[in-house]
Amino acid sequence: PGFTTLWARMFAVDGAATRERVDSLAHSVCAADPRSIDDRRNDAFAAIGAGRDTLACQCGTDDCAAAGSDRPADDQRERRVRERADTVGQ
């Protein structure tokens, strides 16, 4: 629980690609999503860090196509986290 601040120094091309991916996810929800664009960018960055390739809309509309689309990019990150947790406990 709580918040953290991340700062990164990277090549300009990598920074541009990261910004593009974050902005793309932030704009992938419907217009009724109540979050500000900055909040959606934060959530998109966190989603990418958590291994997800979509951002779930928070509009609350039952028929929103983006409402239930918060899914992992692949199961590799979950497997790595599980393996790391297993080795820490040993």
Side-chain angles (χ1 to χ4, degrees):
F3 294 93
T4 191
T5 300
L6 296 175
W7 185 90
R9 181 181 176 109
M10 61 183 75
F11 291 109
V13 68
D14 295 332
T18 301
R19 178 180 295 272
E20 183 178 320
R21 184 159 183 222
V22 167
D23 280 344
S24 176
L25 275 183
H27 286 94
S28 68
V29 297
C30 82
D33 188 290
R35 295 171 288 185
S36 70
I37 187 60
D38 286 339
D39 287 341
R40 291 191 321 247
R41 283 185 182 117
N42 284 329
D43 292 346
F45 191 78
I48 292 167
R52 295 189 305 268
D53 64 354
T54 58
L55 183 63
C57 187
Q58 293 183 1
C59 68
T61 307
D62 291 336
D63 61 346
C64 177
S69 65
D70 198 18
R71 65 178 189 275
D74 61 29
D75 65 349
Q76 296 302 310
R77 182 182 180 281
E78 181 180 336
R79 182 181 55 78
R80 286 191 303 268
V81 169
R82 207 173 327 114
E83 287 173 355
R84 190 173 322 143
D86 289 344
T87 59
V88 169
Q90 295 176 352

Asks: Shared ILVMFWY cluster between Leu6 and Val22, side chains joined below 4.5 angstrom?
Replies: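 Yes, same cluster.
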Asks: Is any NZ, NE, NH1 or NH2 atom of the basic residue among Asp43 and Arg40 found under 4.0 Å from an Asp or Glu carboxylate oxygen of the other?
Replies: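 Arg40 and Asp43: not salt-bridged.
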Asks: Using a 3.5 Å distance criterion without hydrogens, assess whether the side chain of Ser24 forms a donor-acceptor pair with backbone atoms of Glu20.
Replies: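 Here the side-chain-to-backbone pair does not exist.
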Asks: Determine whether a donor-acceptor pair (N or O, by modelled atom type, separation under 3.5 Å) exists between the side chain of Asp33 and the backbone of Cys57.
Replies: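 Judged by distance alone, no pair lies under 3.5 Å.
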Asks: Can you name the closest pair of heavy atoms from Leu25 and Ile48 and give their distance?
Replies: CD1-CG1, 3.5 Å
Asks: Any donor and acceptor pair, going by atom type alone, linking the side chain of Ser36 with main-chain N or O of Asp39 inside 3.5 Å?
Replies: yes
Asks: Where is the tightest heavy-atom contact between Ala26 and Ala44, given as atom of each residue plus distance?
Replies: N-CB, 3.9 Å
Asks: Just wondering, do Phe45 and Thr18 contact through their side chains at under 4.5 Å, heavy atoms?
Replies: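 They are in contact (side-chain heavy atoms under 4.5 Å apart), so the answer is yes.
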Asks: Which heavy atom of Ser28 sits nearest to which heavy atom of Ala66, and what is that distance?
Replies: O-CB, 3.8 Å
Asks: Do Arg35 and Val29 come close enough that some side-chain heavy atom pair is under 4.5 Å?
Replies: yes
Asks: Quick one: CD1 on Ile37 to NE2 on His27, what's the gap to the nearest 0.5 Å?
Replies: 3.5 Å
